[in-house]
Amino acid sequence: MSLYIEQIRQLVALQHVDDGIHAVQLELENSPKEVKELERRFQAQDAQRDLILEKIQHLQEQQKRLDAGIENDESRLSSSQDKLMQAENSREYNAGIRELESMERQSRDREEERAALKVERASQEENLRSMEADWSELKNELESQRQNLEQRLAASQKKLQELEEERSGVSTGIPSPVLRRYEFIRNRLRHPVIVPVEDGVCTGCHIAIPPQVFIDLQRGTQILSCPNCQRLIYWAHHFQDTAASQEQEAAAE
Ligand SMILES: [Zn+2]
């Protein structure tokens, strides 16, 4: 194997480790987002539930106030009736009747209000019941996802550490100017760093390689970059990335 091909092989091997690191970093970045989204959904539902609970509490207080009023009405009504019985002349009698009528009207109003409150309370309690199952399901899911996230993050961190160790092993054989070039691209451009050129097209950016660059690439003497995306490139006929094609087959199955 020529030195050139050996360097390509080493860089592709390094790229595979970096593929793993990239995937773990994406997971570390995205996993908290999933939980945040769930949190947002739960908080919206929880706020809605709190609103209903608040309404129910308010209705209960109103009901208590009304009950007390009705009790008071009843005692006033009976004392007013007593007074009417003791009326000594028609003037007192008429006044007593008017008082009684006004009290009865007030008491009827209160009864009506109480009936309306009961209907409203029943409807709010029904609202609460209908959302309770969803609410507690979401709450449980959020709790388990939070726990799960911690475990996943810890596992990802561990994997990342292992990959970093593997990475330093894989990169030891690579000549330092080549490795520096690789690291420069890795730190500044998008993943991946080194890609094959297939049918004259860079598989990193999917743009055709200019003819002169393609001729140089086929010569296989020095490591070239794609003029469009700046990634390191190699000719697919020079080197077959068997690990990548195995991964593709596994993914296709
Ligand atoms: Zn490219």
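Remember, predicted model here, so these are calculated numbers, not experimental data. Heavy-atom basis, side chains included; hydrogens, waters and symmetry copies ignored. Numbering of ligands and ligand atoms starts at 1, following listing order.
Salt bridge present: Arg129 and Glu126 bring a charged side-chain N and a carboxylate O closer than 4.0 Å. For Glu113 and Arg110, the salt-bridge test fails: no basic side-chain N is under 4.0 Å from an acidic carboxylate O.
Protein N/O/S atoms found under 2.8 Å from the Zn ion (ligand 1), listed by chain and residue number: Cys202 SG, Cys205 SG, Cys226 SG, Cys229 SG.
When the side chain to side chain contact (heavy atoms under 4.5 Å, CB included) test is applied to Ile97, the partners found at least two apart in sequence or on another chain are Leu84, Tyr93, Glu101. Under the salt bridge (charged side-chain N to carboxylate O under 4.0 Å, His left out) criterion, Glu165 pairs with no residue, sequence neighbours left out. Listed by chain and number, the residues in a salt bridge (charged side-chain N to carboxylate O under 4.0 Å, His left out) with Glu37 are Arg40 (sequence neighbours excluded).
For the pair Arg186 and Tyr182, the cation does not sit on the ring face, since its NZ or CZ is not both under 6.0 Å from the ring centre and inside 45° of the axis.
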